Enquirer: 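Encoded as structure tokens, here's the structure I'll be asking about.
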Amino acid sequence: MSDIAISCEGLSKQYRIGERESYKALRDVVTDAAASPFRRVRDALRNGNGSATRNSKLETPDSFWALEDVSFEVKRGEVIGIIGRNGAGKSTLLRILSRITKPTRGHAKIHGRVGSLLEVGTGFHPELTGRENIYLNAAILGMRKAEVERKFDEIVAFAEVEKFIDTPVKRYSSGMSVRLAFAVAAHMETEVLLVDEVLAVGDAQFQKKCLGKMNDVSKEGRTVLFVSHDMNAIQILCQKTIHLENGKIVGFGDTATQIAGYLGGRKFKSAVTVDDSLCLAQTLEIRRFEFAPNPVVSGQPVDFELELSATETIRLDEIAILVSSALGRRLAIIDLRRGDRTYRLNGNGVERISGRIKNLPLVEGDYQIGLYLNWGVKKGDFYDLLELHVLNITTTEDIVPYHPSARGVLQLDYEISKGS
């Protein structure tokens, strides 16, 4: 038996901006399957061979390649990290491997049953209870009922939802949903596990629990592909890492080497202005986002300003500033909601939010500033929108400075009592 668990060759995916993939009924799938051999013969006669070309889908000004010519192999039992900035193609790659979407060209082979956790509650039906969804999700993964019953108590205990197991999932919080979804995916007897950036939804204790479980899964000889912005988690779990940029693999190998290349090659903005505003999900626009002063002295106050606009009327149910370390470890969340009130954008005006962090107790270094946004059915973390530089300046001449590599994260306000 081959020791290759995942093999991708020339994998590419093209999208057209604003276009949705069409829904296919069962009759469409059967029709396509029947016509497929004839279509391959026709393409071979046209192209002179059976392979797809770059022009297999017409390129237009409003199209882009989310993945382009991605090729790699993963051996059985390996834990592979996938890193890259937002829009690099990480989630698209996992969606193709999970058979959620089809590649435009190229192919991927996976040997063994696949379990995937690509977003909160993937495969869950909101009207069904937690118990029913466990059986439903396991059936989708190809598990027999006997297997599910043998693992059921372990899944429920891991997810910590015993009291709510017979409650419809639509009444679960996002944290409860992700705990149950991860528990099902991790405990099912699949040979390959695909995990996207979902652990950030859980609290710190659950994240630690998940990382421990993924480490146990890897020791069982199962193959794991793990997408994350948390470089600490990538370093702990992954023997090798794939670095994606603009849909292409720019590095694949030793995890420490790939992380160094990723962190060293990023270009951060110190501010977002009207001239270089960011459009999120084609609906919400960040017109301005700025911290001042930047750089800021550790322990001193820093002001922030945020301006948002929308192309349609939306309601921001949740909005928060995310402060993360250079390795992607989340350090703080600043909730920008005004009590129970939500922000409403009507498509014409601009919503301005400003405030002050009274004391920024971070040690000297560079930090990522992002946003968490939730507007109706859309939500997500937008990492590393800005970079905040923190300086450690002191006027006390007899204090010996210490090397940055020996530091932690927080600059604590403390004093040392002299001995007698």
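Throughout, numbering of the chain's residues begins at 1 and tracks the sequence. These values consider heavy atoms only, across backbone and side chains, with no hydrogens, waters or symmetry-generated copies. For clarity, every value in this text was computed on a predicted model and none was experimentally measured.
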Enquirer: Less than 4.5 Å apart, side chain to side chain, heavy atoms only: is that true for I242 and F72?
Expert: yes
Enquirer: When you compare the side chain of L237 with that of V224, does any pair of heavy atoms fall below 4.5 Å?
Expert: no
Enquirer: So, T223 side chain and V192 main chain: donor-acceptor pair closer than 3.5 Å or not?
Expert: no
Enquirer: Do any N or O atoms from the side chain of Q14 and from the backbone of F64 form a donor-acceptor pair under 3.5 angstrom?
Expert: no
Enquirer: Nearest heavy-atom pair of L67 and G89: which atoms, and what distance?
Expert: CD2-O, 3.6 Å
Enquirer: Is E305 close to R288 at the side-chain level, that is, under 4.5 Å between some pair of heavy atoms?
Expert: yes
Enquirer: Taking E307 first and then R352, would you say they form a salt bridge - that is, a charged N and a carboxylate O separated by under 4.0 Å?
Expert: yes
Enquirer: Nearest 0.5 Å, what's the CG-CG distance between N137 and L180?
Expert: 8.0 Å
Enquirer: Just so I know, are the side chains of V363 and V390 near enough to count as touching, which here means a heavy-atom distance under 4.5 Å?
Expert: no
Enquirer: Determine whether more than 12 heavy atoms belonging to other residues, nucleotides or ligands lie under 6.0 Å from atom CZ of R113.
Expert: yes
Enquirer: Let me see the working for N346 and T313 under side chain to side chain donor-acceptor pair (under 3.5 Å), right down to the final yes or no.
Expert: CA-CA 4 Å; N346 60 16; T313 300; over 6 Å; no
Enquirer: Check for me whether the distance between the ring centres of F304 and F289 falls short of 6.0 Å.
Expert: no
Enquirer: Applying the side chain to side chain contact (heavy atoms under 4.5 Å, CB included) criterion to L244, which one of V227, V250, I82, I83 satisfies it?
Expert: I82
Enquirer: In the structure I gave you, are the side-chain heavy atoms of T241 and I80 within less than 4.5 Å of one another anywhere?
Expert: no
Enquirer: Starting from the C-alpha separation in whole Å, work towards a yes-or-no answer on side chain to side chain contact (heavy atoms under 4.5 Å, CB included) for I369 and L322.
Expert: CA-CA 6 Å; I369 306 297; L322 308 176; over 6 Å; no
Enquirer: What are the two closest non-hydrogen atoms of L194 and S98, and how far apart are they?
Expert: CD1-OG, 3.2 Å
Enquirer: Donor-acceptor check, side chain of T255 to backbone of C238, threshold 3.5 angstrom: yes or no?
Expert: yes
Enquirer: With distance as the sole test, does S12 use its side chain to make a donor-acceptor pair with the main-chain N or O of T104 at under 3.5 Å?
Expert: no
Enquirer: Ignoring hydrogens and geometry, is there a side-chain-to-backbone donor-acceptor pair from K358 to V302 under 3.5 Å?
Expert: no
Enquirer: What do the steps show when you test L388 against V296 for side chain to side chain contact (heavy atoms under 4.5 Å, CB included), and what is the final call?
Expert: CA-CA 8 Å; L388 180 65; V296 60; 4.1 Å; yes
Enquirer: Using the benzene-type ring in the case of Trp, are the ring centres of H243 and F252 under 6.0 Å apart?
Expert: no
Enquirer: Under a 3.5 Å threshold, yes or no: a donor from one side chain and an acceptor from the other, between S309 and E285?
Expert: yes
Enquirer: So I134 and F152, do their side chains get closer than 4.5 Å, heavy atoms only?
Expert: yes
Enquirer: Side chain to side chain contact (heavy atoms under 4.5 Å, CB included) for L373 and L284? Distances and angles first, verdict last.
Expert: CA-CA 10 Å; L373 301 166; L284 189 62; 3.6 Å; yes
Enquirer: To check you understand the geometry: which heavy-atom pair defines the closest contact between N133 and H125, and what is its length?
Expert: OD1-N, 2.7 Å
Enquirer: Can a salt bridge be assigned to the pair E127 and K170 using a cut-off of 4.0 Å between side-chain N and carboxylate O?
Expert: yes
Enquirer: Hey, is E73 close enough to K75 for a salt bridge, meaning N to O under 4.0 Å?
Expert: no
Enquirer: Ignoring hydrogens and angles, state whether a donor on the side chain of T129 or D166 is under 3.5 Å from an acceptor on the partner side chain.
Expert: no
Enquirer: Enter the distance from E318:CD to L371:CG here, rounded to the nearest 0.5 Å.
Expert: 13.0 Å
Enquirer: Tell me the closest heavy-atom pair linking F226 and A233, and the distance in Å.
Expert: CE2-CB, 4.0 Å
Enquirer: Rounded to the nearest 0.5 Å, how far does CG of D366 lie from OG of S325?
Expert: 11.0 Å
Enquirer: Where is the tightest heavy-atom contact between L336 and Y343, given as atom of each residue plus distance?
Expert: O-OH, 2.6 Å
Enquirer: Identify whether NZ of Lys or CZ of Arg in K13 sits under 6.0 Å from the centre of the six-membered ring of Y15 and within 45° of that ring's axis.
Expert: yes
Enquirer: Please say whether more than 12 non-hydrogen atoms of neighbouring residues, nucleotides or ligands are located less than 6.0 Å from CG in D69.
Expert: yes
Enquirer: Are S324 and Y367 close enough that some pair of their side-chain heavy atoms sits under 4.5 Å apart?
Expert: no
Enquirer: Working to the nearest 0.5 Å, report the span between CE of M231 and CD1 of I234.
Expert: 5.5 Å
Enquirer: Could you give the distance from CG (L360) to OG (S298), rounded to the nearest 0.5 Å?
Expert: 6.5 Å
Enquirer: Yes or no on side chain to side chain contact (heavy atoms under 4.5 Å, CB included) for L306 and L308, after CA distance, side-chain angles and deciding distance?
Expert: CA-CA 7 Å; L306 176 64; L308 300 170; 4.0 Å; yes
Enquirer: On a heavy-atom basis, which atom in A183 and which in A159 lie closest, and how many Å separate them?
Expert: CB-CB, 4.0 Å
Enquirer: Decide salt bridge (Lys or Arg N to Asp or Glu O under 4.0 Å) for R356 and D303; before the verdict, give the C-alpha distance in whole Å, the side-chain angles of both, and the deciding distance to 0.1 Å.
Expert: CA-CA 4 Å; R356 165 172 285 195; D303 296 318; 2.7 Å; yes
Enquirer: Keeping N294 on the side-chain end and L386 on the backbone end, is there a donor-acceptor pair under 3.5 Å?
Expert: no
Enquirer: Any side-chain heavy-atom pair from N374 and L316 closer than 4.5 angstrom?
Expert: no
Enquirer: Rounded to the nearest 0.5 Å, how far apart are CD1 of I155 and CZ of R179?
Expert: 15.0 Å
